[in-house]
Amino acid sequence: MNLSSLKYRLTESERKTFEETGCLIVPNALDDQQIADLTALSDEIHARRVEEGFDSRKGLFYPNFIPDSPLFADLVDYEKVFPKVWGILGWNIYLYHAHLIVTPPSGEAPNDATFGWHQDSGRVNQEIESHPRPRLSLKVAYFLSDTSEAGRGNFWVVPGSHLHDTLNRPEGGIGQPEGAIPVTVKPGDAVLFDRRLWHAGTPNWSEVTRKVLFYGYGYRWIRTKDDMTVSSLWESSDPIRRQLLGWGVNCNGFYSPTDEDVPLRGWLREHSPDEAN
Ligand SMILES: O=C(O)CCC(=O)C(=O)O
């Protein structure tokens, strides 16, 4: 990992925003070339799935995309964003899940139906007995298409809802919960969100196909949430990326890591000691 990452460490004001709202926008995280290249790769994946029989009018959920291109792997420890991830979660982390979502225009008129509001992690929310629920993981969403206006299949959130175990949905399946807002971001912006934040993907009522890459980071003792067939990348990855791609010395090391298990910690000890505890 490059020393230049240190420039992008989480600031106190970013931490406050994330703690208070459950999300954080990193504007212009990707440059124009990255947006173009990642969009071309996403389009290729979409075209391939359509050739295989996927209905192009439907939203595509495509997990486990990291092995599809080195450009996807390069974002795993991306210097402009990954320092914020370790700044929030600490060093005993890895990429437990990744998915590409392509949301084509629905061709429908806008309506008020309540979106599919949820917290991430499925049964974790029923089976862990604590209040508020523990953070455990977060996702980084890299927006490749323009969702700077509402109605474009925006990612919606209820800011501050990450500390609430339940969400009051409007009666009758019409309307959105109190405080719900569309996240309006441009191509290249990254949005970090706490897994507990009540959020929803939404229909695309515009003419602009929405494309977003989601990178989920969590503690190393959390299981993967998709196939994550990334072990073939271990040999060609530097030690920190290899950690993030799920490598470990042995099973015990996911719970009680040695220095060999977590080279990110060693790197932080050397370059950002306050973050190595
Ligand atoms: O597509 C979206 O905007 C929402 C994605 C989502 O709900 C998730 O990644 O957990």
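Values reported hereafter were calculated over all heavy atoms of this structure, with side chains retained and with hydrogens, waters and symmetry mates removed. For ligands, and for the atoms within them, numbers begin at 1 and follow the listed sequence.
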Thr202 contact mode with ligand 1 (heavy-atom cut-off under 4.0 Å): neither
Basic-acidic side-chain contact under 4.0 Å: Glu51, Arg48: no
Charged N-O contact under 4.0 Å between Arg241 and Asp74: yes
Proximal atoms of ligand 1 relative to Asp120 (non-hydrogen, under 4.0 Å): 10 (O)
Identity and distance of the protein heavy atom lying nearest atom 1 (O) of ligand 1: Arg210 NH2, 2.6 Å
Under 3.5 Å: N/O of Asn154 near N/O of ligand 1: no
Distance filter under 4.0 Å to Lys139 heavy atoms, resulting ligand 1 atoms: 8 (C), 9 (O), 10 (O)
Asp77 and Arg242 ion-paired at < 4.0 Å: no
Identity and separation of the nearest protein heavy atom to atom 5 (C) of ligand 1: Phe214 CZ, 3.7 Å
Side-chain heavy atoms of Asp226 within contact of His99, under 4.5 Å: no
NZ/NE/NH1/NH2 to OD/OE distance under 4.0 Å, Asp43 and Lys211: yes
Proximal ligand 1 atoms for His199, defined as those under 4.0 Å from one of its heavy atoms: 6 (C), 7 (O), 8 (C), 10 (O)
Atoms in ligand 1 flagged as close to His99, the criterion being non-hydrogen separation under 4.0 Å: 9 (O)
Salt-bridge contact Glu19-Arg135 (side-chain N to carboxylate O under 4.0 Å): yes
